[in-house]
There are 2 protein chains.
Amino acid sequence: MPSATVENYVKKILVLSLDTSEEQVGMGEIAKGLEVAAGTATSMIKTLERERLVRYKSRQGVTLTAKGLKLGMDMLRRHRLVETFLVESLGLDWTEVHQEAEELEHAISEKVLDRLDKFLGRPEFDPHGDPIPTKEGKFAERRIRNLLECQSKKLRTIKLLTDQSTDFLNFARRKGLVPGTSVEVTNRDLISDAVELRVGNKKPFTLGSKAAKKILVSS
Amino acid sequence: MPSATVENYVKKILVLSLDTSEEQVGMGEIAKGLEVAAGTATSMIKTLERERLVRYKSRQGVTLTAKGLKLGMDMLRRHRLVETFLVESLGLDWTEVHQEAEELEHAISEKVLDRLDKFLGRPEFDPHGDPIPTKEGKFAERRIRNLLECQSKKLRTIKLLTDQSTDFLNFARRKGLVPGTSVEVTNRDLISDAVELRVGNKKPFTLGSKAAKKILVSS
DNA sequence: GGCAAGACTTTGATCAATCAAAATGAAATC
DNA sequence: GATTTCATTTTGATTGATCAAAGTCTTGCC
Ligand SMILES: [Mn+2]
Ligand SMILES: [Mn+2]
Ligand SMILES: [Mn+2]
Ligand SMILES: [Mn+2]
């Protein structure tokens with residue numbers, strides 16, 4: 001029964017708090033993330049508070065309640081399962097499914113979602129490498145680090161790209177940096193602000209620290 | 001860019017005009033069909049007129065323009081393809097997919113719809129036996145008649161149930177009267193207002209004319 | 001022809017979501 | 001401590017969709 005708008009706000013608050021690993025999410029981030037005017041976010045947050053989905057301290061920020069967290073996780077599950085379906089079953093490109101899922105996530109019933117989950121073989125990760133919460137609202141946390149933090153020269157598997165803009169995803173694909181691929185950090189030079197890495201058997205290339213930080217791998 | 005509401009109105013006008021085979025659709029039917037107050041329908045129809053989706057003669061009725069017909073056919077395509085997917089791929093029951101499709105039809109992009117169509121093997125009929133319009137907005141018309149009109153004692157195939165309420169669909173299933181099944185009219189007695197029919201090899205049973213009229217078969 | 005009934009339209013209001021612009025508060029700078 | 005700046009909140013307005021209730025046609029009936 002929450003509106004699509006309410007669902008979008010709660011999901012955004014959840015991903016912002018996961019991304020920044022901070023409890024409180026600022027009004028500015030929310031407004032920016034959802035591309036609405038600042039005042040719109042403030043007024044909507046008050047609505048969420050009335051629904052007991054968030055706690056709100058004026059001029060400080062917003063945190064999800066247990067109820068809000070549950071809804072947020074459910075939305076993440078919807079969104080990521082839908083993305084997985086679009087890529088795995090319908091063959092859409094992983095760079096373009098986000099927008100589609102942004103709409104479909106609100107239109108899909110619990111029942112259809114469960115069937116879809118089963119149909120897809122209960123996947124644990126979406127096409128971008130993000131974990132898909134279970135029906136109970138939990139996801140298995142992984143020991144994961146970004147390419148800049150990798151010390152030893154072992155093979156690692158790309159798990160997640162934190163910048164999911166179409167431009168970055170296309171760049172990543174050109175370089176072969178897609179989730180599931182093995183990479184090795186062949187050189188790491190903090191002074192030059194870059195890492196050198198090899199994807200598969202291809203010749204190594206260098207990535208700036210900004211980009212390297214966006215690519216998460218499992219050890 | 002039409003809102004879900006606009007899409008629902010246009011679709012309803014189209015199915016009403018197909019069902020009653022009349023050009024003009026009355027305001028009352030629309031309001032009733034969409035479960036809104038009469039005044040709501042009137043005001044919404046004026047919006048559709050402004051968008052050039054319908055022609056509207058006050059106190060007479062509404063007809064779709066070419067633009068409206070195109071949108072209506074597109075919605076029918078969306079709705080019926082989604083229903084087909086839910087039954088064929090996810091294994092939902094054909095008695096329960098209508099509500100699901102009612103939401104999903106508004107959330108699915110042209111691109112995803114095309115992929116879905118391909119994925120399903122370009123089906124021509126939905127689980128209820130209704131024809132699925134092509135991308136070009138046409139459907140193959142069939143020579144089809146209801147069970148009450150059947151004269152000769154030949155085998156016929158059930159194509160469509162015009163009453164798609166859950167109750168009627170459940171009744172139909174109990175009797176084996178599902179699209180694709182063969183039936184034979186074993187006796188027809190207009191005075192007793194009933195037809196006797198046999199489904200497969202089971203013992204014949206009698207159906208009142210009201211119910212018989214709701215079951216369409218191909219000759 | 002006149003009138004009652006039913007269908008339809010108009011009116012006035014509400015609710016959710018939004019914006020622009022004005023007001024306010026808190027933090028950082030002087 | 002006073003001031004400036006920037007984030008946030010408040011205010012006032014708009015838009016789409018809806019309802020209830022009041023007003024107006026049209027039609028068929030006497
Ligand atoms: Mn969304
Ligand atoms: Mn994703
Ligand atoms: Mn619908
Ligand atoms: Mn159907």
Side-chain angles (χ1 to χ4, degrees), chain A residues 1-13 16-17 19-20 22-64 67-68 71-72 75 102-103 105-107, chain B residues 1-13 16-17 19-20 22-64 67-68 71-72 75 102-103 105-107:
Chain A
M1 209 129 343
S3 68
T5 303
V6 166
E7 292 181 340
N8 283 334
Y9 275 80
V10 169
K11 175 156 67 82
K12 182 57 74 179
I13 293 165
L16 284 173
S17 74
D19 281 5
T20 64
E22 304 208 359
E23 3 54 73
Q24 301 245 107
V25 178
M27 212 40 85
E29 302 172 81
I30 298 170
K32 192 133 181 257
L34 293 170
E35 301 184 88
V36 295
T40 304
T42 303
S43 99
M44 198 62 207
I45 289 302
K46 288 179 179 173
T47 305
L48 299 195
E49 195 185 29
R50 248 175 281 123
E51 309 273 336
R52 311 232 173 286
L53 290 163
V54 300
R55 262 175 298 273
Y56 166 52
K57 297 265 192 200
S58 190
R59 271 160 220 271
Q60 289 201 231
V62 175
T63 56
L64 292 176
K67 184 180 172 196
L71 176 59
M75 292 315 298
E102 204 52 61
E103 296 300 320
E105 65 188 0
H106 310 291
Chain B
M1 159 171 12
S3 67
T5 304
V6 166
E7 291 181 341
N8 283 335
Y9 274 81
V10 169
K11 177 157 66 82
K12 181 57 74 178
I13 293 165
L16 285 173
S17 75
D19 280 6
T20 64
E22 303 209 358
E23 3 54 75
Q24 300 245 106
V25 178
M27 213 41 85
E29 302 171 81
I30 298 170
K32 192 132 180 255
L34 293 170
E35 300 183 89
V36 295
T40 304
T42 303
S43 99
M44 199 60 208
I45 289 302
K46 288 179 178 172
T47 305
L48 300 193
E49 195 185 30
R50 249 175 280 123
E51 308 272 337
R52 311 233 172 285
L53 290 163
V54 301
R55 264 175 298 273
Y56 166 53
K57 298 266 191 199
S58 191
R59 288 182 141 105
Q60 289 201 230
V62 175
T63 57
L64 291 176
K67 184 180 173 196
L71 177 58
M75 292 315 297
E102 203 53 61
E103 298 300 321
E105 64 188 0
H106 310 290

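Every chain is numbered from 1, with letters handed out A, B, ... down the list of sequences. Atom set for the values below is all heavy atoms of this structure, side chains included, hydrogens, waters and symmetry mates excluded.
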For the atom pair [atom1] ([X]) and [atom2] ([Y]), what is the distance rounded to the nearest 0.5 Å?
| X | Y | atom1 | atom2 | answer |
| --- | --- | --- | --- | --- |
| T42(B) | R59(B) | OG1 | CZ | 8.5 Å |
| E51(B) | S3(B) | CD | OG | 8.5 Å |
| E22(B) | L16(B) | CD | CG | 11.0 Å |
| N8(A) | K12(A) | CG | NZ | 8.5 Å |

Going by heavy atoms closer than 4.0 Å, what residues in residues 45-53 of chain A are next to DNA chain C?
->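 Close to the strand, none.
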Which nucleotide of DNA chain D is the first, and which the last, in the 5' to 3' direction, to come under 4.0 Å of a heavy atom belonging to chain A?
->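 Contact boundaries, 5' end first: dA7(D) to dT10(D).
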For residues 25-41 of chain B, which side-chain donor-acceptor pairs fall under 3.5 Å, sequence neighbours excluded?
unit_1 : atom_1 : unit_2 : atom_2 : d
E29(B) : OE2    : G26(B) : N      : 2.8

Angle between terminal axes - the helix from dG1(C)-dC30(D) to dC30(C)-dG1(D), 5 pairs each end, rounded to 10° |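 Comparing the axis at each end, I get an angle of 20°.
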Search all heavy atoms of E23(A) against all heavy atoms of T63(A) and return the closest pair with its distance.
->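 Smallest heavy-atom distance, with atoms named: O-CG2, 3.3 Å.
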With respect to the phosphate group of dC8(C), does any side-chain polar atom (N or O) of S58(B) fall under 4.0 Å of OP1 or OP2?
->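 False: S58(B) side-chain N/O out of range (4.0 Å or more) of dC8(C) OP1/OP2.
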Residue-level proximity of residues 25-40 of chain A to DNA chain D when a heavy atom falls under 4.0 Å =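 DNA chain D contact set from residues 25-40 of chain A: M27(A), G28(A), A38(A), G39(A).
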Audit row: K11(B), E102(B), side chain to side chain contact (heavy atoms under 4.5 Å, CB included) steps and yes/no | CA-CA 11 Å; K11(B) 177 157 66 82; E102(B) 203 53 61; 3.1 Å; yes
E49(A) bridged to K57(A) by N-O distance under 4.0 Å |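 Between K57(A) and E49(A) there is no salt bridge, as every charged N stays at least 4.0 Å from the carboxylate O atoms.
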Yes or no on side chain to side chain contact (heavy atoms under 4.5 Å, CB included) for E103(A) and H106(B), after CA distance, side-chain angles and deciding distance?
-> CA-CA 9 Å; E103(A) 296 300 320; H106(B) 310 290; over 6 Å; no
Check: E105(B) and E7(B) side chains under 4.5 Å, non-hydrogen atoms |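 A side-chain contact is absent here, since even the closest heavy-atom pair is not under 4.5 Å.
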Might you list the N or O atoms of the protein lying below 3.5 Å from N or O atoms in nucleotides 24-28 of chain C, with each pair's distance?
unit_1  : atom_1 : unit_2 : atom_2 : d
dT24(C) : O2     : R59(A) : NH1    : 3.3
dT24(C) : O2     : R59(A) : NH2    : 3.4
dG25(C) : O4'    : R59(A) : NH1    : 3.2

When the distance from CE of M44(A) to C1' of dC15(C) is rounded to whole Å, what number comes out?
->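 Distance check: M44(A) CE to dC15(C) C1' gives 12 Å.
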Look at all strands and tell whether T5(A) reaches a base, only sugar-phosphate, or nothing, counting heavy atoms closer than 4.0 Å.
->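 Sugar-phosphate, backbone atoms only, no base.
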List the steps, then state whether side chain to side chain contact (heavy atoms under 4.5 Å, CB included) holds for I13(A) with I45(A).
-> CA-CA 10 Å; I13(A) 293 165; I45(A) 289 302; 3.9 Å; yes
Residues L53(B), T47(B); criterion side chain to side chain contact (heavy atoms under 4.5 Å, CB included); working and verdict = CA-CA 9 Å; L53(B) 290 163; T47(B) 305; over 6 Å; no
